[in-house]
Amino acid sequence: MNPLRKKSLENLFNKQPKYFSSDKIHSEIFADNVFNDASLEKYLNKEALSQITEAISKGSKINRSLADQIASSMKAWAMSKGVTHFTHWFQPLTGGTAEKHDAFFDLLPSGKPMERFDANELVQQEPDASSFPSGGIRNTFEARGYTAWDPTSPAFILGKTLCIPTIFVSYTGEALDYKTPLIKSIQTLDQCATEVCKYFDKNVSKVFPTLGWEQEYFLIDRALASSRPDLIITGRTLFGHQPSKGQQLDDHYFGAIHPRVIAFMQELEYEAMLLGIPVKTRHNEVAPGQFELAPIFEEANLSVDHNSLIMDIMQRIAAKHDFIVLFHEKPFEGINGSGKHNNWSLETSTGVNLLSPGKTPMSNLQFLTFFINTIAAVLSHESLLIASIVSASNDHRLGADEAPPAVLSVFIGKQLTAVLEDLEHVSKGKLSPEEKTDLKLNVIGKIPEILLDNTDRNRTSPFAFTGNKFEFRAVGSKSNCARSITALNTMVAEQLQKFSIAVDQLIEEKEMKKDDAIFNVLRDNIKSIKNILFEGDGYSEDWKATAKKRGLSHHKNTPDALKAYVSKSSIALFGQMEVFSEREVRARYNVDLQEYILKIQIESRTLGDIARNHIIPTGIKYQNILIENVKGLKEIYGSAYEKHAAVQLKIIERISGHIEAISDGITKMIDTRKASNSIEDKFEKAQAYCLKVLPFLNEIRYHCDKLELVVDDDLWPLAKYRELLFCR
Ligand code: ADP
Ligand code: MG
């Protein structure tokens with residue numbers, strides 16, 4: 001047996017959970033390692049404190065002297081906790097996080113050593129960051145990229161390093177990360193949504209999106225995983241026959257959590273608490289070896305940072321517990337993959353959730369306004385929303401039976417469907433007092449504060465209203481949430497802007513009362529959004545046909561879906577809402593296409609190597625054992641040997657057949673790869689990888705998995721599905 005596979009299996013059953021204990025309860029340690037309002041209060045004088053609070057809430061500039069004061073308090077606070085280094089922490093387009101540490105330590109010209117950290121270091125840095133994906137925005141001769149402090153997300157301590165959340169932009173000002181456009185989309189959404197809120201409550205001065213992500217992941221024993229180069233390199237298994245037991249008994253979902261896993265979760269939660277990440281929920285997911293983690297929702301920018309941060313921490317803590325974490329959307333064939341539901345809503349400076357029905361008809365009209373406009377925005381830009389969640393890895397999951405269907409639709413539940421039907425029949429123009437009273441009393445006045453459908457919701461819907469928020473379920477587990485949330489914020493901002501323009505026009509030109517105008521515009525919106533509303537089974541064939549008739553786009557693969565990024569309407573949307581310039585949108589499109597190409601290329605190479613260097617030789621080894629056996633039988637039985645060696649002979653032949661198919665497949669795959677590599681146009685190249693190279697992966701895998709079933713278990717080099725999924 002492969003010594004790695006053998007040793008890890010032998011050791012597995014002696015592994016004890018590494019329980020983590022602390023005498024502190026979570027509320028005592030929450031955000032201890034975060035430079036938040038409480039720390040600011042402790043270190044800053046009153047005037048500085050009110051200046052920074054105002055700058056953060058209004059997004060205004062922080063002057064040099066204030067930045068100096070903040071830097072010096074940050075340093076004092078961090079050093080009191082034993083911190084020696086600082087870093088600008090950012091989220092480049094690699095999908096991960098980036099950090100480059102510098103010491104506080106410095107030498108004065110006199111040679112005297114000291115600890116230094118002032119506004120210069122806090123506000124802006126120029127990491128030598130020429131190697132991050134830029135989609136053509138940066139040439140190597142002007143490779144400079146800048147990180148700039150994001151004061152809306154507090155600094156935190158990781159190990160002995162002070163991490164300062166930053167945006168990452170090019171010398172010429174274009175975004176090179178996920179945070180820059182996210183912040184812009186939050187600002188534009190704030191403006192447009194606050195404008196609409198003023199119809200209902202003049203006291204609202206700010207609106208911000210909230211995000212609560214639900215992170216799914218697999219935990220696999222580290223030693224076992226190390227015998228799988230495919231898992232280590234690509235994050236998913238490129239081989240592996242189905243085990244006889246997968247998830248068909250549904251016995252993992254919400255089951256008792258394994259002691260080694262609980263030990264991991266406890267330590268993770270402790271670390272998350274110190275960093276101010278309000279983790280709340282943990283449970284076993286559907287697939288064996290799969291789990292979920294969810295926090296209490298937060299303001300979207302902070303929530304995105306927390307998701308990126310926790311994905312890093314999870315890997316680190318998993319290693320301590322002899323696990324690896326898989327964030328890939330489909331690490332194992334034949335069992336559920338992982339997603340990251342993005343729960344999204346809008347909250348006002350007055351503490352109102354705009355997607356939660358209220359107590360009065362007026363607050364419900366406000367709720368309906370935001371509810372209907374969100375759906376209208378999704379309808380206008382459904383293909384862009386899909387483009388914001390696709391990737392080589394999420395392609396394996398989308399459209400499969402366990403995951404959201406490949407067509408975007410919105411589920412709203414029975415009660416709200418009925419409300420929309422009533423509103424659709426509101427008269428055109430000014431409403432009579434009777435009609436208005438009737439509407440207020442019998443339609444919007446009747447929306448219960450807590451919607452029943454909240455508990456009875458459609459699990460097959462990719463974008464579902466769940467009582468007080470929308471839940472975008474198509475987001476991949478590996479993805480940075482900022483990608484989809486930026487798109488969603490921007491389209492909703494645009495729609496809200498259109499809405500207030502339409503309402504104001506009716507008020508001014510038709511001399512309508514405010515609520516008449518709102519009813520009129522909503523009624524028109526309801527007529528069009530019906531196109532994307534769907535309450536039925538999203539997996540059914542019927543729906544696919546209906547969706548096609550409705551003109552909704554059907555996601556087939558990533559290159560195809562990505563085209564929506566550079567459509568006229570997306571470029572106009574991002575440009576008008578000042579989230580991306582056309583150059584930036586095109587750059588992102590290029591980065592995504594390039595990532596797609598590289599991911600498939602790496603998978604294809606890894607698969608070719610393992611099949612040639614591990615699997616074919618294993619097949620031959622076993623075949624040789626059988627040949628020896630047949631020779632022995634011939635010695636004993638002479639010409640009658642065939643009767644006794646019938647099974648062996650059949651297996652020998654079968655092995656030859658599979659080996660030949662594997663070897664042929666690899667040769668053809670390499671030729672196809674070469675041909676694809678010579679294509680200049682990025683989109684066409686991505687398509688070639690998708691339509692021509694990718695099919696070989698399945699074909700070669702098929703024969704390798706068949707060999708796995710035939711070859712002596714003792715000889716098989718790769719840890720098997722049953723071991724990876726069930727042994728811990
Ligand atoms: P599930 O979808 O697993 O049934 P819940 O519906 O209880 O779970 O909540 C899922 C997530 O929704 C949680 O992470 C929670 O923080 C988040 N959430 C709840 N309210 C809001 C909101 N107003 N805005 C954003 N996220 C929210
Ligand atoms: Mg959910």
Side-chain angles (χ1 to χ4, degrees), residues 26 30 182 185-186 189-190 193 197 204 206-217 252-255 257 265 268-269 272-273 276-287 290-311 336 338-358 363 366-367 370-371 374 378 402-404 410-413 449-475 477 479 481-482 484-486 488-489 492 538:
H26 283 177
F30 185 70
L182 175 69
S185 75
I186 290 173
L189 180 57
D190 172 21
C197 277
V204 172
K206 190 183 169 82
V207 174
F208 55 92
T210 51
L211 169 65
W213 40 263
E214 301 165 56
Q215 180 71 54
E216 291 181 341
Y217 62 97
H252 191 258
Y253 190 53
F254 284 10
I257 304 173
M265 288 174 165
L268 172 65
E269 285 161 6
M273 282 295 143
I277 308 175
V279 290
K280 174 107 178 146
T281 308
R282 61 183 187 209
H283 62 81
N284 282 6
E285 256 303 329
V286 171
Q290 191 188 29
F291 308 90
E292 181 180 300
L293 165 77
I296 296 167
F297 69 92
E298 299 175 283
E299 179 279 314
N301 181 34
L302 185 61
S303 180
V304 166
D305 281 358
H306 281 167
N307 183 245
S308 296
L309 181 56
I310 209 161
M311 285 168 79
N336 277 14
S338 302
K340 175 149 58 196
H341 294 177
N342 277 197
N343 296 273
W344 177 93
S345 189
L346 292 171
E347 196 172 311
T348 64
S349 51
T350 51
V352 172
N353 175 355
L354 292 168
L355 289 175
S356 188
S363 61
Q366 172 172 275
F367 155 69
F370 283 93
F371 172 74
T374 302
V378 171
E402 93 250 12
V410 180
F411 170 88
I412 61 169
E449 253 185 285
I450 297 172
L451 288 156
L452 254 186
D453 281 309
N454 189 18
T455 50
D456 170 35
R457 57 203 195 201
N458 186 334
R459 285 274 155 196
T460 70
S461 176
F463 200 92
F465 183 71
T466 51
N468 55 4
K469 61 192 183 289
F470 280 99
E471 183 168 339
F472 189 20
R473 303 203 181 107
V475 184
S477 46
S479 169
C481 311
S484 43
I485 295 301
T486 299
L488 182 60
N489 288 343
V492 173

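Residue numbers start at 1 and run along the sequence shown. Worth knowing before you read on, the calculation uses all heavy atoms, side chains too, and leaves out hydrogens, waters and symmetry mates. Note that ligands are numbered from 1 as they come in the structure, with each ligand's atoms numbered from 1 the same way.
Shown here are the ring-ring contact (aromatic ring centres under 6.0 Å, His included) partners of F472, two or more places apart in sequence or in another chain: F463. Taking F291 as the reference, Y217, H252 meet the ring-ring contact (aromatic ring centres under 6.0 Å, His included) condition, with sequence neighbours excluded.
Taking any N or O of A294, backbone or side chain, none lies under 3.5 Å from an N or O belonging to ligand 1. Residue-to-ligand polar distances keep W344 apart from ligand 1: every N/O pair is separated by 3.5 Å or more.
Of all the atoms in ligand 1, the ones that sit under 4.0 Å from a non-hydrogen atom of E214 are 1 (P), 2 (O), 3 (O), 10 (C), 11 (C). With ligand atoms numbered from 1 in the order given, ligand 1 contributes 22 (C), 23 (N), 24 (N) to contacts under 4.0 Å with heavy atoms of S345. Close contacts of ligand 1 with E471, meaning ligand atoms under 4.0 Å from a residue heavy atom, involve 2 (O). Below 4.0 Å from some heavy atom of N353 lie the following atoms of ligand 1, by number and element: 23 (N). Atoms of ligand 1 lying under 4.0 Å from at least one heavy atom of I296, given by number and element, are 16 (O).
Considering only non-hydrogen atoms, atom 9 (O) of ligand 1 lies nearest to K469 out of H341, R473, K469.
Under a 3.5 Å cut-off, the side chain of N301 and the backbone N or O of E299 do not form any donor-acceptor pair. Side-chain N or O atoms of T486 include one that pairs as donor or acceptor with a backbone N or O of A482 at under 3.5 Å.
H306 NE2 to L211 CG: the interatomic distance, rounded to the nearest 0.5 Å, is 11.5 Å.
Using cut-offs of 30° and 60° on the angle between ring planes, the pair H283 and F254 is perpendicular.
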